[in-house]
Amino acid sequence: MSPAIALAFLPLVVTLLVRYRHYFRLLVRTVLLRSLRDCLSGLRIEERAFSYVLTHALPGDPGHILTTLDHWSSHCEYLSHMGPVKGQILMRLVEEKAPACVLELGTYCGYSTLLIARVLPPGSRLLTVERDPRTAAVAEKLIRLAGFDERTVELIVGSSEEVIPRLRAQHQLSRADLVLLAHRPRYYLRDLQLLEAHALLPAGATVLADHVLFPGAPRFLQYAKSCGRYRCRLHHTGLLDFPAIKDGIAQLTYAGPG
Amino acid sequence: MIANVKCKPWKMEKKIEVLREAKKFVSENEGALGKGKGKRWFAFKMMMSKKWAKFLRDFENFKAACVPWENKIKAIESQFGSSVASYFLFLRWMYGVNMVLFILTFSLIMLPEYLWGLPYGSLPRKTVPRAEEASAANFGVLYDFNGLAQYSVLFYGYYDNKRTIGWLNFRLPLSYFLVGIMCIGYSFVVVLKAMTKNIGDDGGGDDNTFNFSWKVFCSWDYLIGNPETADNKFNSITMNFKEAITEERAAQVEENVHLIRFLRFLANFFVFLTLGASGYLIFWAVKRSQEFAQQDPDTLGWWEKNEMNMVMSLLGMFCPTLFDLFAELEDYHPLIALKWLLGRIFALLLGNLYVFILALMDEINNKIEEEKHVKANITLWEANMIKAYNASLSGNTTGPPFFVHPADVPRGPCWETMVGQEFVRLTVSDVLTTYVTILIGDFLRACFVRFCNYCWCWDLEYGYPSYTEFDISGNVLALIFNQGMIWMGSFFAPSLPGINILRLHTSMYFQCWAVMCCNVPEARVFKASRSNNFYLGMLLLILFLSTMPVLYMIVSLPPSFDCGPFSGKNRMFEVIGETLENDFPSWMAKILRQLSNPGLVIAVVLVMALTIYYLNATAKGQKAANLDLKKKMKMQALENKMRNKKMAAARAECRSLQPVDSNFLSLPEDQKSSFPSSSKVMTHVKFQRTSFGEQLLCSTLDGIPDVFINEGCLSPPRARKISMLL
């Protein structure tokens, strides 16, 4: 190919680079740097976060732990957690709905667990499900460090499609008034349909789904809008530290099986 | 009516007028009413006129059904909105214009030459040279429009310069010249007509006042028939409102003017840099292609041969997105940003076109230089041939006549054919690039998004790459510039309008299919009506800019001596002089020669300039009167609003006054007189209300003080106070 034609492609390359520069930066921070540090330190990112929290946060104070995690994420490494902005929305909703039982799928590092547990009404419980045992171990430590006991916050290790059918029998969960889907957008639809099938959602329950725009859960949103049993509302925010990348939390209100 | 008019309770004048009108009606339509002499003739006339009206209506329906592609465009309009459909309407209109050009060139140039001209192989200019004969029918050669394609009616060089051809004595060179000029003239007329028609359509347009009222009442597009598009339109209107509100708010906030000015300057600087770089790249590519032309064609690959066309198409495709990027620095309102973007793309394409033309002019000059050498060579060759023939004849007295196969005769270079070939090649490569872009950029991308979305990490539909939106401005500009190239090249390659017709025809079907299959409606929808005149204005500008080089070439360059209908003349337009001398009576030639007297021409030009100035002044005056009327209407509307407000207030006051009045009236007389005169006014007001009706009261509210002053019951200052109370 001649150099003139190759040069003619230059505007296209420049446009793509400049227009999607946020995504490239995100890629570098989440994928490249993280795998580099994983290889160098031998620890996972949650474990590194937890060791930072141990040394810099006050035990028993969930608010301080949360701010420490935010600080670490923005200054040292990019921990792709929920972030204070989305956390604000979550906390406001929990305070508004005052659920008796909250189910969280996808604990990751425990950030959102602490957020919810802080504003949970007294006597309510929070059940959180995590698939990966190593991550679950770290999250367990963090939750206990924050001062929540087994009665308030219970961490279940296992894949959500195996855990949900066992919730009623083994964990005495008859109805989940608030469900937070924060694991993988690919599995949102499957888990929502499982919850409906096992009658774990009472009428008026709220389902919150994180990351519905980036990376995106198109089939989940389409199902929620078209099946007629949900009222859907989308909160538009940006990704943590990358306000130019649009993301959102979907708030679905269940209207009953009939 | 006539019988009953006496019983109606009207005034006398009214009855007389009604009676007169009724009598007139009866006398006119006697026949229809069954009375009078002309009944049968009248009935026949009525029947014929009804039949004629029906026929006209059917004919109108037939004409509407004959309009091509109407259903397709309506389907697109219902799914995408009127702005995308306006592109296809523009395409259809261009198709019509090109059809006329094609009919002109085909029937008046190509067909006569094919029917009555000398056939292929009879003249040197109509035969493939011996050296190229072996490869003349190869696909590669034909695709480049060399070989057999070059020596055919498709190009200028094939035509013979005989004054008349065939038994009809068809004057081919004259027809060639006149058709060329007529094509340009017709294009101007049709574009101007379309523009003037659209000026009337524009109408009131958006002022800066009543911004939100316009948005609330006039945003909806009633031609949408698809629920997804309706959703999109709804969302875009909501977004529009949000933006308008933030704009209003932002307009009240002080902003950093210097930063914005600097950013805009920076963006324009980048744009100029890009334009300069693209121009230089094309220039470099053209120089390289000239080098390649010197080499042996067999050593060149496909990339080298088509390098320049590829570079031009690629730059035209990629630079607009770069301009879009720079526009993000500028922070303009979206409509203004769109206009800037269009202007920049226009400048880019124009620059590319003119660099191309400059390179062509270079080559033309080279060929004209070459002609002199070739002329000298040909005379030498002819002398040699005659000597050889005489030598071979020296033995016999009767020998075969002097015959040289046309393929063996040395040729002069033909710059007109070369120009025609370049334009045809450019058009063809442009078409291919567009189609390949649509296939890869739209279709494959849509397939990828649709089928790989379920197994990809991020949502392909919402994020990158997502389905493409239909880029109206890019497509319209591409269409306009292609048409400019057609106008430039059709004098040198009469086949070019035909090729363009094929292109537009296939493009219509292909793009309609691509739009419905792979594109999604735009998230932000702009009104199409205003931009129509904008695009037509650009088309007019391109028409002007592309016919200028052609006219320059016709007027100032000498035609090749060895090919084309003007060979042997000094300039191409001399064919007109020749026709005038030979075909017209001598007195007409004398008159026309007098008319071309410079003094007369200057006088005509002066008169035209004065007329233009006068018409301009009239138009300005009428626009000013228009604005004045609009202002008056606005003032009137405001006044009506104020008056209605006062009416409503007065009504409310009157209703709240009533209980007081009844109390007041029940009082004894002497106490009534002790009340201040304002309450007397209230009773007066009540009386006014019952006797003359509410309307009268409300209409005289402003004049109540005057009424009372005239009636002598109030002094003016008190009247003013009362009116203020009311």
Side-chain angles (χ1 to χ4, degrees), chain A residues 1-27 30-31 80 183-190 209-226 232 234 236-239 242 244-250, chain B residues 231 270-271 273-275 277-278 280-289 291-292 300-326 328-329 348 352 433 437 441 449-450 453-466:
Chain A
M1 218 204 276
S2 64
I5 297 186
L7 276 179
F9 275 100
L10 196 64
L12 180 70
V13 171
V14 169
T15 314
L16 284 180
L17 274 178
V18 174
R19 189 170 277 181
Y20 298 108
R21 59 189 184 279
H22 301 288
Y23 296 89
F24 285 120
R25 250 181 67 213
L26 182 68
L27 183 77
T30 35
V31 174
S80 40
H183 46 325
R184 286 258 187 104
R186 189 185 297 248
Y187 304 130
Y188 287 179
L189 182 62
R190 177 197 71 186
D210 195 10
H211 294 306
V212 284
L213 293 180
F214 180 82
R219 280 188 294 173
F220 170 76
L221 276 182
Q222 195 192 2
Y223 173 78
K225 285 183 188 162
S226 60
C232 181
L234 206 56
H236 289 273
T237 55
L239 210 61
F242 293 95
I245 300 181
K246 302 259 170 283
D247 195 6
I249 298 186
Chain B
D231 269 340
F270 283 138
V271 164
L273 212 60
T274 314
L275 286 175
S278 110
Y280 184 68
L281 188 62
I282 292 184
F283 190 71
W284 188 49
V286 167
K287 282 284 171 269
R288 267 167 67 93
S289 79
E291 280 172 23
F292 290 145
L300 302 172
W302 186 85
W303 288 112
E304 277 89 13
K305 275 197 227 169
N306 290 306
E307 189 185 74
M308 202 193 45
N309 299 334
M310 284 287 296
V311 167
M312 275 184 73
S313 314
L314 284 176
L315 279 178
M317 219 163 38
F318 293 145
C319 285
T321 48
L322 201 59
F323 292 150
D324 215 3
L325 198 69
F326 294 146
E328 283 174 25
L329 276 177
L348 174 80
N352 291 353
T433 315
T437 313
V449 169
R450 174 97 164 74
N453 203 7
Y454 298 145
C455 44
W456 201 260
C457 11
W458 70 82
D459 185 4
L460 290 170
E461 259 179 61
Y462 191 81
Y464 186 79
S466 78

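Chain A is the first sequence line, chain B the second, and so forth, proteins listed ahead of strands; every chain is numbered from 1.
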Contacting moiety of Leu16(A), where chain B heavy atoms sit under 4.5 Å: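 Looking at Leu16(A), just its side chain touches chain B.
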Aromatic plane relationship, Tyr188(A) with Phe220(A) - under 30° parallel, 30 to 60° tilted, over 60° perpendicular: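 It falls in the perpendicular class, over 60°.
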NZ or CZ of Arg184(A) within 45° of Tyr187(A) ring axis and under 6.0 Å: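 Checked: cation-pi criterion not met.
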Segment of Leu281(B) engaging chain A (4.5 angstrom heavy-atom cut-off):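 The side chain, not the backbone.
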Crowding at CZ, Arg21(A) (>12 non-hydrogen neighbours, <6.0 Å):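 Atom CZ in Arg21(A) is packed in, count exceeds 12.
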Interatomic spacing from CG in Asp247(A) to OG1 in Thr237(A) - rounded to 0.5 Å: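 One finds 5.5 Å between CG of Asp247(A) and OG1 of Thr237(A).
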Chain B interface, residue from Pro215(A), Gly216(A), Ala8(A), Ala217(A) that has the most non-hydrogen pairs under 4.5 Å: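 Option with the greatest count: Pro215(A).
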